[in-house]
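Before any comments, here is the structure.
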Amino acid sequence: MAWITIGWTMAALLDNINTRTIGASRYIEVLPDYEFNFVFNINIFSAFLAGIISGSLLIFYLRERFRKASFGYAILINALIISALNVAISALSYTLFIAFKLGLGLFHPEVLELSSRLIQDTMFYKKLLFWFFLVMLTIIGLHVNEKYGQGILGKLIMGKYLRPREEERIFMFVDIRSSTTIAEQLGHLRFFELLNDFYRDLTNPIIYKSGEIYQYVGDEIVVSWPMKEGLHNASCLRCFYDIKATLETLSGEYKKKYGLVPVVKAGLHCGLVTTGEIGVIKKDIVFSGDVMNTTSRIQAQCNRFGVDILLSKTLLDKLKLPPDEFPRKRVGMIELRGRRQKVELYSFGDEEAEVEMEKRMTRRRR
């Protein structure tokens with residue numbers, strides 16, 4: 001929303017500068033006592049207001065409503081709706097401007113007449129076209145950002161990872177328990193639909209805890225955090241319990257649609273990775289390093305020990321965890337396949353403790 005508001009305001013700024021050079025005469029013909037600076041401020045304000053109102057509508061309602069629609073249809077419908085709203089905001093702004101300049105009420109006949117003349121002028125239609133293409137570019141940008149993952153498009157454009165670089169990151173591998181059995185029970189098409197719903201429902205809990213969705217691998221989601229963001233308020237760990245709480249909240253919908261509720265397990269680890277941009281026809285930003293393999297194998301140990309979450313002592317030592325909120329349980333030193341050095345793993349309490357922890361997390365969010 002912040003980027004949309006800033007971008008639209010800057011676009012309105014450039015459009016107003018252009019209007020001053022080639023279109024001011026049109027306003028002078030319509031408006032009495034025309035003053036560019038006042039019109040300029042009104043246009044900037046209306047663009048800022050449109051960014052907040054239309055941006056909220058687009059991100060929190062329209063994007064979700066048309067998420068399953070075709071790419072072209074979603075762009076066209078969203079662009080038409082948002083453009084119409086933005087034009088309405090502009091028309092209201094001009095009406096307020098005229099009423100203020102004339103010292104008359106908003107619904108005074110003279111104000112309404114001048115507003116009508118202004119709206120019917122070619123400059124207003126030019127503004128309508130301007131907003132339509134600007135909104136289309138915004139929606140395309142949002143869809144492309146969803147394609148690459150939040151924040152990745154900007155990094156590709158800025159060339160941040162054009163040259164490989166090392167950085168410390170936290171990784172969490174999350175997947176569905178007994179996914180093979182579920183796939184056999186539902187069939188491939190129905191299981192694919194479940195995965196699609198599963199991925200969609202887990203997106204918000206991940207984003208709200210500053211996580212970056214790195215990959216979808218089968219029924220598994222790979223989430224990543226820069227070290228600072230992941231450690232802040234134990235976001236990487238709280239993200240997992242937010243995911244569980246979300247699935248519990250939506251359990252009725254899953255049972256109604258699929259006859260079951262997905263149960264997740266996760267492995268967490270941190271360390272140094274090499275990050276870089278690869279690809280020619282399809283570019284992407286990838287992470288490589290031992291931490292990736294280790295996290296995957298930690299997650300694979302959840303079934304062996306009958307727990308929903310496992311994390312390495314390396315990560316646990318970096319987290320500032322309240323002992324009463326996260327009653328830790330040492331699993332032991334585990335020799336993971338492909339590693340000479342053993343990894344010390346931890347989980348959190350028994351089943352009752354985990355249930356109580358989820359309840360506290362839910363109360364905190366409320």
Side-chain angles (χ1 to χ4, degrees), residues 1-4 6 59 141-142 144-175 199 202-217 220-244 246 264 266-279 283-299 309-322 325-326 328 343-346 348 361 364-365:
M1 276 186 59
W3 280 115
I4 288 174
I6 293 170
I59 292 174
L142 288 173
V144 172
N145 195 55
E146 285 183 351
K147 167 67 177 175
Y148 286 105
Q150 68 276 18
I152 299 300
L153 178 61
K155 293 173 183 177
L156 287 172
I157 293 173
M158 299 299 294
K160 182 178 180 179
Y161 296 115
L162 198 58
R163 290 190 177 91
R165 56 193 298 176
E166 289 186 330
E167 56 184 13
E168 281 195 306
R169 280 190 166 261
I170 299 171
F171 288 90
M172 177 171 70
F173 284 58
V174 185
D175 78 347
Y199 292 150
L202 266 58
T203 297
N204 283 342
I206 292 170
I207 291 177
Y208 292 159
K209 285 295 182 285
S210 303
E212 300 173 5
I213 298 175
Y214 173 51
Q215 284 180 339
Y216 298 116
V217 185
E220 184 175 71
I221 302 179
V222 181
V223 187
S224 170
W225 288 265
M227 187 65 75
K228 183 179 178 180
E229 282 79 359
L231 294 180
H232 176 68
N233 197 29
S235 292
C236 61
L237 189 59
R238 296 182 190 278
C239 178
F240 173 72
Y241 289 101
D242 280 359
I243 287 172
K244 292 188 68 175
T246 298
V264 293
L268 293 93
H269 185 45
C270 65
L272 198 65
V273 293
T274 301
T275 311
E277 182 182 323
I278 65 166
K283 289 186 177 294
D284 207 350
I285 293 175
V286 300
F287 304 114
S288 66
D290 179 66
V291 62
M292 302 288 291
N293 295 328
T294 302
T295 310
S296 177
R297 288 163 186 165
I298 288 174
Q299 188 256 78
I309 183 170
L310 284 173
L311 72 160
S312 65
K313 187 176 185 299
T314 305
L315 176 58
L316 184 63
D317 289 343
K318 295 179 182 294
L319 291 166
K320 307 296 183 182
L321 299 177
E325 186 176 5
F326 294 96
R328 66 191 64 181
V343 178
E344 188 170 0
L345 300 181
Y346 282 81
F348 294 102
M361 298 287 286
R364 174 175 294 186
R365 284 190 296 274

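Quantities reported herein were computed from a predicted structural model and do not represent experimental measurements. The first residue of the sequence shown is numbered 1, and numbering continues consecutively from there.
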Indicate the atoms forming the closest heavy-atom contact of E212 with P226, along with that distance. OE2-CD, 3.9 Å
Would you name the heavy atoms of M227 and C270 that are closest together and state the gap between them? CE-CB, 3.8 Å
Reported CD-to-CZ distance for the pair Q299 and F171, which is rounded to 0.5 angstrom: 14.5 Å
Taking the side chain as every heavy atom from C-beta outward, state whether Y208 and D242 have any pair of such atoms under 4.5 Å apart. no
For L319 versus C236, what's the shortest heavy-atom pair and its separation? CD2-SG, 4.0 Å
Whether T203 side chain and Y199 backbone form a donor-acceptor pair below 3.5 Å: yes
So which atom in R169 and which in S224 form the shortest heavy-atom distance, rounded to 0.1 Å? NH1-OG, 2.6 Å
The reported gap from CG in L268 to CG in L316 (rounded to nearest 0.5 angstrom) is 10.5 Å
State, yes or no, whether a side-chain contact exists between W225 and M172 at a heavy-atom distance under 4.5 Å. yes
With under 30° as parallel and over 60° as perpendicular, where do the rings of Y214 and F287 fit, or are they tilted in between? tilted
So, do I206 and I221 sit near enough that their side-chain heavy atoms are less than 4.5 Å apart? yes
Taking side chain as C-beta onward, heavy atoms only, is V222 less than 4.5 Å from T295? no
Between atom CG of L272 and atom CD of E168, what is the distance when rounded to the nearest 0.5 Å? 6.0 Å
What is the ring orientation for F348 with Y241, classed by angle as parallel under 30°, tilted 30 to 60°, or perpendicular over 60°? perpendicular
Partners of S312 by side chain to side chain contact (heavy atoms under 4.5 Å, CB included), sequence neighbours excluded? H269, I298, T314, L315, V343
On a heavy-atom basis, which atom in F173 and which in M292 lie closest, and how many Å separate them? CZ-O, 3.6 Å
Nearest non-hydrogen partners of P205 and C239, listed with the distance: O-SG, 3.9 Å
Polar side chain donor-acceptor pair, Y346 to E344, under 3.5 angstrom: yes
Side chain R238, main chain N233, donor-acceptor under 3.5 Å: yes
